[in-house]
Amino acid sequence: MATRQARSFCRICAAHCGVVLTIEEESDRIVAVKGDKDNPTSRGYVCFKGLQAEEMHHGPQRLLKPLKRQQDGTFAEIGSEQALDEIADKLRVIVERDGPQAAAVFKGTAGTLFATHMIQLDFLHALGSNQFYSVNTIDQSAKFVSFERQGGWAAGVHDIDQSDVLLFFGCNPVISHSTMGIMGPDPLRTLKRARKRGLQLICIDPRETETAALADLHLQPLPGRDTAIAAAMIRTILSEGWEDPEFVAEHVGANRIFELRQAVEPFAPDFVERIAGLEPGQIHAAAKLFAHDNKKGAAFCATGPSMSAFSNTTQHLVDTLNIVCGRFRRAGQKAVVDMINPPDPIHAEVISPPRSYRNFPPSRIRGVGMLGFDRLASTLAEEILTPGEGQVRALFVSGSNPASCLPDQRKAVEALKSLELLVVVDPYMSTTAQLADYVLPPVMMYERPDLPIAVPGFNIGVLSWAQYTPAVIDQPEGSDLIDDWYLYWGIASRLGLPLKFNGVDLDLSVNRPPTTDEMLEIRTAGARVTLAELKEDLKAHPAGQIYDHPSNVVQPARPGADGRFHPMPEDVAAELRDFLASDLAREVGPGAGHSHLLISRRMNRVMNTLGNNLQGTLKQDPTNPAYMHPDEFRTLGIAPGDKVAIASEHGRIEAVAQPDKAVRRGVVSIAHCWGGLPDSEGAGVNTNLLIAADQDVQPINAMPRMSAVPVNVSRAG
Ligand SMILES: Nc1nc2c(c(=O)[nH]1)N[C@H]1C(S)=C(S)[C@@H](COP(=O)(O)OP(=O)(O)OC[C@H]3O[C@@H](n4cnc5c(=O)[nH]c(N)nc54)[C@H](O)[C@@H]3O)O[C@H]1N2
Ligand SMILES: Nc1nc2c(c(=O)[nH]1)N[C@H]1C(S)=C(S)[C@@H](COP(=O)(O)OP(=O)(O)OC[C@H]3O[C@@H](n4cnc5c(=O)[nH]c(N)nc54)[C@H](O)[C@@H]3O)O[C@H]1N2
Ligand code: SF4
Ligand SMILES: [Mo]
């Protein structure tokens, strides 16, 4: 068997681990994957998910031809250009009849060609619609809300090399390879190396996670109490005088610190330790380790708290911890920058709270607005189901699985089914694809040239690493695939819509679509490093490099810069009062009628839904178990592997129970995005059947409560 080796990087998640693929020459199939030791960020590391590339690309479940739903509900193959003709015709009819707002896009986590993923917005813009929805607003959009209400530091927080302490509220980067702004590739070795040179780690998580196992201090509270824990930490820091007085005086001001002190005053540590189920003294210890013993390194919040009740308030207070302790990059320090964004200078200054969400008119559904470019995902089902002007009738789904990932799965599915036109770009017959009118399978990652993901105007990388990868294998013989961006180009050219990409007008003459390399060239025009340079740099650095661009040194504040943080505006103070008035401040447990609190988690071998369709993964993880402390099995009268019924106020599921002594008693930990469509077969079970999309919803981002959900767990049957 003649083989060749090819270098690329994995794009299943944003860690972008470098890989070396072994490819069989004759069949052009991937036969082996290993980590690329020369990649300066992943250093040879690759995770289980990345190792499944062979089955992902060549497995029997991969769709190789576009499908069209027939009258009887079955699917038949259709040519991609024919499908695009029909889709464009249908969209034209809908938009002429109902206006452009009837057309929407839903974008998910899967690459959708990482470097061209903003084209969905350009497409909607050309159409005249603002109906852009994405998983961003059911992920950690609390971060944007916090910035909008409190302000932000233009140069960001310290990176891991600049840190002596990290404080994680509900982050598990060892498994998720993701804590925005700080942790990504090769997480375990990165943390271990940093700990060896003295980094201290504090984890706050109801489960002793793989990350918490490395912590110097692990607080294992009841879920959903993070608002109080963070408030008590701020109170402790301010009363002990552990804040950074110069930073606070210059960038916050005495009046605003007074407001903050007053708002956190009711959160005495002993009270909070009681309602959060912590040991006495733990909050003081965490505050001391973070604010007194160390002066560099920041606090972070990830999906745990951002899915729980008071998610915006928690994120806000976690960011406030960084503000009062001044945990930001200062002038002269090095900053991490995404290389394929423009070389805008980075200044050591405050961006005052923009509160830009107030500029958007209230939507038809519960009067919610928008956050940045995003309409709010938890309202999409109602936007589809509610008649009237602006009702969504056509939806394009790019790299996402809204039928599985949205809160209230039943309603989401009902809404998707009711659409006049549902177009899904997905390599597999996902739950959402099963509901589509057209399924367009895309060119997959190792078949396309690409660049690391980067969002214009926003930095998501944790290292200034970049690498161009060419396509390293051909598209499967006999397949009819489209590039993710091509869907939008294909429709725009048919409808004569003036489509821009990255500010550049695309040539829409139907006979000559751009190549993907041309799209990447447009994407990197004016970037810190252009496509031509990236290609040239591969000669000396075939695994990409960590760039040292002159623009990644933090510049002093601009003359006249007068931004100020606002740590405790009245609306946030009101949320703290609401917290104190809620059951969370009274009950040490899930509340009357419930036995447990259900919490979200990520599983090591799947990426949201990706993996629960692969045989190699299902062999290891046939389901998404309900993890509970071993002691609970006796109380419930069950054995490992038995089924339990989990009932919330909203719905009921049955899951396979597995013991895990890492989980706090009274808590059940179960991953999302498993299970098929409601009432049908599929590996595992979908926790979004338990979640209401319109109750217990946060202001501004309409984020429902998707973790720390009161449930009743009982033996099934
Ligand atoms: N292997 C794998 N990696 C992934 C993904 C995946 O599905 N699988 N998904 C990717 C995606 S889309 C994202 S957004 C990131 C997310 O990255 P992370 O946010 O790091 O994801 P998790 O591993 O779920 O970690 C969340 C932690 O919060 C804890 N938690 C739950 N509720 C609460 C609470 O109320 N309070 C506190 N303090 N903690 C709580 C959970 O026990 C869990 O350990 O991961 C990405 N990476
Ligand atoms: N209850 C509950 N619900 C949750 C969460 C939770 O913790 N609890 N987490 C939320 C979070 S943080 C997120 S991000 C969402 C995740 O929600 P999604 O992003 O919708 O989930 P994924 O499974 O990652 O969807 C990716 C889809 O893209 C497909 N795909 C793979 N490669 C490609 C490609 O190259 N091109 C295209 N076009 N498609 C491709 C995959 O087959 C898959 O169907 O779930 C959210 N929902
Ligand atoms: S962590 Fe795993 S899934 Fe993410 S990029 Fe690396 S190999 Fe791929
Ligand atoms: Mo996510």
Side-chain angles (χ1 to χ4, degrees), residues 8-19 33-36 39 41-42 45-53 56 108-111 134-141 168-180 182-187 203-212 218-227 229-230 276 300-311 314 318 400 405 445 452-453 584 597-612 617 621 624 627 660 662-664 667-674 705-709:
S8 186
F9 57 89
C10 174
R11 281 147 274 170
I12 296 172
C13 84
H16 289 347
C17 302
V19 295
V33 182
K34 62 178 199 261
D36 185 350
N39 182 298
T41 69
S42 58
Y45 174 85
V46 61
C47 84
F48 181 92
K49 304 183 293 298
L51 293 174
Q52 307 313 302
M56 272 181 69
T109 23
S134 80
V135 291
N136 292 346
T137 52
I138 40 167
D139 190 329
Q140 297 162 60
S141 58
F168 285 160
F169 281 81
C171 314
N172 190 14
V174 169
I175 296 302
S176 67
H177 302 82
S178 145
T179 293
M180 272 192 217
I182 187 91
M183 293 278 315
D186 196 18
C203 286
I204 301 182
D205 197 304
R207 189 164 69 91
E208 193 195 346
T209 61
E210 296 76 358
T211 309
H218 174 210
L219 273 52
Q220 197 169 2
L222 280 164
R225 274 67 176 173
D226 304 271
T227 297
I229 298 169
F300 298 85
C301 205
T303 53
S306 72
M307 303 258 162
S308 293
F310 293 93
S311 47
T314 299
V318 171
S400 185
C405 78
M445 63 182 173
I453 192 165
L584 295 169
L597 289 161
L598 175 134
I599 58 172
S600 63
R601 67 172 302 137
R602 262 103 198 116
M603 283 170 68
N604 193 25
R605 300 185 189 88
V606 295
M607 172 71 184
N608 304 321
T609 59
L610 185 66
N612 67 35
T617 311
D621 288 312
N624 55 336
Y627 292 101
D660 180 358
V663 180
R664 188 188 158 112
V667 169
V668 51
S669 161
I670 178 165
H672 64 293
C673 271
W674 281 74
R705 189 204 283 215
M706 296 166 74
S707 189
V709 179

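Ligands are counted one by one from 1 in listed order, and the atoms in each one are counted from 1 as well. One is the number of the first residue; the rest follow in order along the sequence. The structure displayed is predicted, hence computed values, not measured ones.
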Problem set entry | Heteroatom N/O/S of H177 within less than 2.8 Å of atom 2 (Fe) of ligand 3 |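 It does not; every qualifying atom lies at 2.8 Å or beyond.
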Exercise. Does an N or O anywhere in M603 fall below 3.5 Å from an N or O of ligand 1?
Worked result: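 Among all N and O atoms of M603, at least one is under 3.5 Å from an N or O of ligand 1.
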Exercise. Does T211 offer a backbone N or O that forms a donor-acceptor pair with the side chain of N172 under 3.5 Å?
Worked result: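 At least one qualifying donor-acceptor pair exists.
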Exercise. So, does M307 sit close enough to ligand 1 that a heavy atom of it is under 4.0 Å from the ligand?
Worked result: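 Contact check M307 vs ligand 1: negative.
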Problem set entry | Interfacing atoms of ligand 3 (cut-off 4.0 Å, heavy-atom, K49) |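 Answer, ordered by atom number: 3 (S).
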Exercise. Considering only protein heavy atoms, which is closest to atom 26 (C) of ligand 1, and at what distance to one decimal place?
Worked result: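 In this structure, atom 26 (C) of ligand 1 has G170 O, 3.3 Å as its nearest protein heavy atom.
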Exercise. Are any of the N/O atoms in D205 less than 3.5 Å from those in ligand 1?
Worked result: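 By distance alone, the answer is yes.
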Exercise. Ignoring hydrogens and geometry, is there a side-chain-to-backbone donor-acceptor pair from N624 to A671 under 3.5 Å?
Worked result: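 At least one qualifying donor-acceptor pair exists.
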Problem set entry | Sub-4.0 Å atoms of ligand 3 with respect to non-hydrogen atoms of H16 |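 Near H16, meaning under 4.0 Å from one of its heavy atoms, ligand 3 has 5 (S).
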For this session: Quick one: look up the protein heavy atom nearest atom 8 (N) of ligand 1 and list residue, atom name and how far away it is.
Result: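 Of the protein heavy atoms, V606 O, 2.6 Å lies nearest.
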Exercise. Which atoms of ligand 1 sit under 4.0 Å from any heavy atom of Q140?
Worked result: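 Near Q140, meaning under 4.0 Å from one of its heavy atoms, ligand 1 has 14 (S).
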For this session: Go through ligand 1 atom by atom and flag the ones less than 4.0 Å from a non-hydrogen atom of R601.
Result: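 What qualifies from ligand 1 is 24 (O).
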Exercise. For ligand 1, is R207 a contact, meaning one of its heavy atoms is under 4.0 Å away?
Worked result: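 It does; at least one heavy atom falls under 4.0 Å.
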For this session: Number the atoms of ligand 3 from 1 as they appear, then name those within less than 4.0 Å of a heavy atom of C17, with their elements.
Result: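 Counting atoms of ligand 3 from 1, those under 4.0 Å from C17 are 1 (S), 5 (S), 6 (Fe), 7 (S).
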Exercise. Which part of T179 is near ligand 1, with near meaning a heavy atom under 4.0 Å away: side chain, backbone, both or neither?
Worked result: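 The answer is neither; T179 stays 4.0 Å or more away.
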For this session: Just jot down the ligand 1 atoms closer than 4.0 angstrom to any heavy atom of I599, in number order.
Result: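 Near I599, the atoms of ligand 1 are 31 (C), 32 (N), 42 (O).
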Exercise. Which protein heavy atom lies closest to atom 19 (O) of ligand 1, and at what distance to 0.1 Å?
Worked result: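 The answer is T303 OG1, 2.6 Å.
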Problem set entry | pair I670-L598: side-chain heavy atoms closer than 4.5 Å |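 Yes, their side chains come closer than 4.5 Å.
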Exercise. Hey, is the main chain of C405 close enough, under 3.5 Å, to the side chain of H672 for a donor-acceptor pair?
Worked result: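 No: the side chain of H672 does not pair with the backbone of C405.
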Exercise. Is any N or O atom of T209, backbone or side chain, closer than 3.5 Å to an N or O atom of ligand 1?
Worked result: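 Such a contact does not occur with ligand 1.
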Problem set entry | Donor-acceptor contact present, side-chain Q220 to main-chain A662, <3.5 Å |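 Yes: the side chain of Q220 pairs with the backbone of A662.
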Exercise. Nearest protein heavy atom to atom 15 (C) of ligand 1, by residue and atom, and its distance?
Worked result: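 That would be S178 OG, 3.5 Å.
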For this session: Go through the side-chain N and O atoms of S669 and D660 and say whether any donor and acceptor fall under 3.5 Å apart.
Result: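 No, because no side-chain N or O of S669 sits under 3.5 Å from a partner of the opposite role on D660.
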For this session: Under 4.0 Å from a heavy atom of K49: give me the atoms of ligand 1 that qualify, with their elements.
Result: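 Atoms satisfying the 4.0 Å criterion: 1 (N), 2 (C).
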For this session: On the 0 to 90° scale, with breaks at 30° and 60°, tag the F9-H16 ring pair as parallel, tilted or perpendicular.
Result: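 Correct class here is tilted.
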For this session: Considering the heavy atoms of N604, write down every atom of ligand 1 situated less than 4.0 Å from one of them.
Result: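 Those of ligand 1 that fall under 4.0 Å from N604 are 1 (N).
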Exercise. Is the backbone N or O of M445 less than 3.5 Å from a side-chain atom of R11, with the two atoms forming a donor-acceptor pair by type?
Worked result: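 Yes.
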For this session: Decide whether an N or O pair under 3.5 Å exists between D226 and ligand 1.
Result: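 Yes; the residue has a nitrogen or oxygen that sits under 3.5 Å from a nitrogen or oxygen of the ligand.
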Exercise. Any sub-3.5 Å donor-acceptor pair from R605's side-chain atoms to G611's backbone N or O?
Worked result: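 Flag not set: sc R605 to bb G611 has no pair under 3.5 Å.
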For this session: Check whether any heavy atom of S669 sits under 4.0 Å from an atom of ligand 1.
Result: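 The answer is no, since S669 has no heavy atom less than 4.0 Å from ligand 1.
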Exercise. Starting from atom 10 (C) of ligand 1, which protein heavy atom do you reach first, and at what distance in Å?
Worked result: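 The closest heavy atom on the protein side is M607 CE, 3.6 Å.
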Problem set entry | Reported CE-to-CG distance for the pair M603 and D621, which is rounded to 0.5 angstrom |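 Those atoms lie 4.0 Å apart.
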Exercise. Hey, does S176 come in under 3.5 Å of ligand 1, counting only N/O atoms on both sides?
Worked result: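 Among all N and O atoms of S176, at least one is under 3.5 Å from an N or O of ligand 1.
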Exercise. With a 4.5 Å heavy-atom cut-off, do D139 and T303 have their side chains touching?
Worked result: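 Heavy-atom side-chain distance check passes, below 4.5 Å.
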For this session: Using distance alone, determine whether S707 and ligand 1 share an N or O pair under 3.5 Å.
Result: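 The answer is yes, given that S707 and ligand 1 share an N or O pair closer than 3.5 Å.
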For this session: Could you tell me whether a side-chain N or O of S707 sits under 3.5 Å from a main-chain N or O of S308, the two making a donor and an acceptor?
Result: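 Absent.
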Exercise. Any sub-3.5 Å donor-acceptor pair from S42's side-chain atoms to P185's backbone N or O?
Worked result: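 Checked: no pair found.
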Exercise. Has ligand 1 got any nitrogen or oxygen that is less than 3.5 angstrom from a nitrogen or oxygen of T109?
Worked result: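 It does not: no N or O of T109 is found under 3.5 Å from an N or O of ligand 1.
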Exercise. Just by distance, with hydrogens left out, do S311 and S306 show a side-chain donor and acceptor under 3.5 Å apart?
Worked result: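 There is no such pair (donor and acceptor under 3.5 Å, judged by atom type) between the side chains of S311 and S306.
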Problem set entry | Atoms in ligand 1 flagged as close to G224, the criterion being non-hydrogen separation under 4.0 Å |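 Those of ligand 1 that fall under 4.0 Å from G224 are 34 (C), 35 (O).
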Problem set entry | Beyond-backbone contact of M56 with I12, side-chain heavy atoms, under 4.5 angstrom |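 Yes, at least one pair of side-chain atoms sits under 4.5 Å.
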For this session: Tell me which protein heavy atom sits closest to atom 14 (S) of ligand 1, plus the residue, atom name and distance to 0.1 Å.
Result: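 Nearest protein contact, heavy atoms only, for atom 14 (S) of ligand 1 is D139 OD2, 3.0 Å.
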Exercise. Can you tell me which residue and heavy atom of the protein come closest to atom 7 (O) of ligand 1, and the distance to 0.1 Å?
Worked result: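 I find the closest protein heavy atom is N608 N, 2.8 Å.
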Problem set entry | Where ligand 3 meets I12 - atom numbers and elements under 4.0 angstrom, heavy-atom basis |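 It comes down to these atoms of ligand 3: 3 (S).
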Problem set entry | Atoms of ligand 3, numbered as shown, that sit under 4.0 Å from any heavy atom of V46 |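 Answer, ordered by atom number: 7 (S).
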Exercise. Do I204 and ligand 1 have an N or O pair less than 3.5 Å apart?
Worked result: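 Such a contact does occur with ligand 1.
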Exercise. Considering only heavy atoms, does R11 approach ligand 3 within less than 4.0 Å through its side chain, its backbone, both, or neither?
Worked result: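 The answer is neither.
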Exercise. Heavy atom of M607 under 4.0 Å from ligand 3?
Worked result: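 For ligand 3, residue contact (heavy atoms, under 4.0 Å) with M607 is absent.
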For this session: Under 4.0 Å, heavy atoms only, figure out whether ligand 1 is touched by the backbone of S308, its side chain, both or neither.
Result: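 S308 to ligand 1: side-chain contact only, backbone stays beyond 4.0 Å.
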For this session: Measure the distance from atom 13 (C) of ligand 1 to every protein heavy atom, then report the residue, atom name and distance (to 0.1 Å) of the closest one.
Result: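 Here the nearest protein heavy atom works out to R602 NE, 3.6 Å.
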Exercise. Any side-chain heavy-atom pair from M183 and F300 closer than 4.5 angstrom?
Worked result: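 In short, these two side chains do not touch, never coming nearer than 4.5 Å.
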Exercise. Where do V663 and V667 come nearest, in terms of heavy atoms and distance?
Worked result: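 Minimum heavy-atom contact is CG1-O, 3.4 Å.
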For this session: Measure from atom 41 (C) of ligand 1 to every heavy atom in A662, S600, G304 and give the option owning the shortest one.
Result: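 Answer by nearest heavy atom: S600.
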